[in-house]
Amino acid sequence: MKKIKRPRAPLTIEQKIARRNLISFGTFFVLGGAAFGGWKWLLNSPKEEAGITGGAHKPLRRALNKTELFFRQLFSDNHLVRTYPKSRAAQRVRENSHIGMRDPGFKPEDWRLLVTGADGRQLRLTIDDIKALPRTEIVYDFKCVEGWDQIQHWAGVRMVDFIRHFQLEESAKKKYMGLETPDGKYYVGVDRESALHPQTILAYEMNDRPLSDGHGAPLRLIIPVKYGIKNLKRIGTMTFSDERPRDYWAEQGYDYYSGL
Ligand SMILES: Nc1nc2c(c(=O)[nH]1)N[C@H]1C(S)=C(S)[C@@H](COP(=O)(O)O)O[C@H]1N2
Ligand SMILES: [Mo]
């Protein structure tokens, strides 16, 4: 005898809600249990021997020690901004605002990049010091919060290469990098991950020519993961801190991160 499959009656709204509640409730318990288990595992994990950081639980310590891993993760190709062939780059590149670039006393030949490490160590670098490092190029879509964008071609040194070369790794572990114009009138704070993003560069060329004054000569920030406002032109100083450095547009109410 053939069994006839009776079609199941469609669930009523109430049944559907009840079922969904049961699922959410279950998920809550499972996840909650996992979190609690994880916490207990951490609490019961062995403590490391006495020392500078003695007493920290080993799994935490392991995470803290992974500087190399930290840098390697920043190099992951997962979050790269889209790039274009050079032929797509604009020849007439837009020039926007010039805050911090109107100091009549500014002499390009006297310019130095003043870097203050987290330990207080100071570097005074010439543009040639910076040009001596490996050169990198990028062609990408530069975006300004005012509503325009343009495919542009920049060249300079990758921030990570700069950090490594001048042995600023310890400083670069701070949560933020602060950059200011030589006269201190325009300034930005950048979160560590964005500052060390593999596409972030200290740029000294545009379209294969040295930066013009208006575009930030002799050195500017090109940070493709951020809107234009963070791309500080004419960098004078660089600092590192766990506190947020002051930020010109954040003070005017713009998002501090201004990420894309
Ligand atoms: N020193 C300085 N840097 C600055 C600015 C500025 O006014 N002063 N404007 C920012 C803004 S809002 C944008 S969109 C870009 C514009 O860069 P550009 O003039 O090379 O197009 O620079 C950024 N960097
Ligand atoms: Mo902008």
Side-chain angles (χ1 to χ4, degrees), residues 42 48 51-81 100 113-123 125 130 133 136 143 145 156-182 184-203 219-260:
L42 190 60
E48 57 177 19
I52 308 176
T53 54
H57 288 279
K58 268 194 175 152
L60 283 183
R61 188 71 227 142
R62 221 178 291 141
L64 291 173
N65 271 336
K66 288 287 184 239
T67 313
E68 256 318 298
L69 185 66
F70 164 70
F71 277 102
R72 241 184 295 143
Q73 276 167 348
L74 287 166
F75 276 99
S76 87
D77 288 345
N78 294 336
H79 309 289
L80 291 184
V81 167
L113 176 64
L114 260 56
V115 183
T116 307
D119 56 359
R121 184 171 59 111
Q122 291 228 350
L123 298 172
L125 306 173
I130 293 162
L133 272 54
T136 310
K143 297 187 177 75
V145 285
V157 57
R158 285 204 298 180
M159 187 68 87
V160 270
D161 291 340
F162 174 89
I163 296 289
R164 283 224 176 94
H165 181 83
F166 292 107
Q167 299 177 353
L168 291 160
E169 288 98 334
E170 280 304 312
S171 299
K173 284 186 198 166
K174 297 283 175 193
K175 287 197 186 117
Y176 299 96
M177 176 184 286
L179 299 168
E180 304 202 354
T181 52
K185 290 195 171 144
Y186 193 86
Y187 36 91
V188 298
V190 181
D191 58 280
R192 171 181 62 203
E193 285 72 18
S194 304
L196 300 180
H197 186 275
Q199 289 172 308
T200 298
I201 65 180
L202 290 166
L219 191 71
R220 74 170 301 167
L221 183 68
I222 285 296
I223 182 159
V225 294
K226 299 288 189 189
Y227 277 107
I229 47 177
K230 293 283 189 188
N231 290 243
L232 189 101
K233 299 192 276 189
R234 194 190 282 175
I235 306 172
T237 62
M238 178 187 289
T239 57
F240 304 87
S241 61
D242 279 329
E243 297 76 44
R244 281 184 180 185
R246 62 186 191 138
D247 187 275
Y248 187 93
W249 286 109
E251 286 170 9
Q252 313 296 315
Y254 281 81
D255 172 40
Y256 190 90
Y257 290 91
S258 290
L260 287 170

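- Taking T116 as the reference, Q122 meet the side chain to side chain donor-acceptor pair (under 3.5 Å) condition, with sequence neighbours excluded.
- Separation of atoms CG (L202) and CG (L133) is listed at 9.5 Å; rounding is to 0.5 Å.
- In plain terms, the two heavy atoms of G156 and I201 that are nearest each other are N-CD1, 3.9 Å.
- Side-chain atoms of H79 do not come within 3.5 Å of backbone N or O of H197 as any donor-acceptor pair.
- Within a 6.0 Å radius of OH in Y254, no more than 12 heavy atoms belonging to other residues, nucleotides or ligands are found.
- Annotation for L196 and A172: closest pair CD1-O, 3.9 Å, computed over non-hydrogen atoms.
- Panel note: side chain R234, backbone P182; no donor-acceptor pair is recorded below 3.5 Å.
- For the pair S194 and I223, the tightest heavy-atom approach, listed with the atom from each and the gap, is O-CD1, 3.5 Å.
- In this structure, F240 and M238 approach most closely via the heavy-atom pair CZ-SD, 3.8 Å.
- Checked by atom type and distance alone, the side chain of T181 pairs as donor or acceptor with a backbone atom of Y186 at under 3.5 Å.
- Annotation: side chain to side chain donor-acceptor pair (under 3.5 Å) contacts of R121 (sequence neighbours excluded): none.
- Note: M159 CE to Q199 CD = 14.0 Å, rounded to the nearest 0.5 Å.
- K226 places a side-chain N or O within 3.5 Å of a backbone atom of Y257 that can act as its donor or acceptor partner.
- Heavy-atom minimum distance, I229 versus V188: O-CG1, 3.6 Å.
- Residues satisfying the side chain to side chain donor-acceptor pair (under 3.5 Å) criterion with N231, sequence neighbours excluded, are absent altogether.
- Residue pairs meeting the salt bridge (Lys or Arg N to Asp or Glu O under 4.0 Å) criterion with at least one partner in residues 246-260, sequence neighbours excluded, are E180-R246, K230-D247.
- Here the closest non-hydrogen pair linking K174 and D242 is CA-OD1, 3.4 Å.
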*asked:* Pair M177, I163 - check side-chain contact (heavy atoms from CB on, under 4.5 Å), show working.
replied: CA-CA 11 Å; M177 176 184 286; I163 296 289; 4.2 Å; yes

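- Residues that satisfy the ring-ring contact (aromatic ring centres under 6.0 Å, His included) test with F162, not counting sequence neighbours, are F166.
- Atom NZ of K143 sits in a crowded spot, with more than 12 heavy atoms from other residues, nucleotides or ligands closer than 6.0 Å.
- Partners of K233 under the salt bridge (charged side-chain N to carboxylate O under 4.0 Å, His left out) rule, at least two apart in sequence or in another chain, do not exist in this structure.
- A side-chain contact (heavy atoms from CB on, under 4.5 Å) with L219 holds for exactly one of V157, L125, I130, L232; it is I130.
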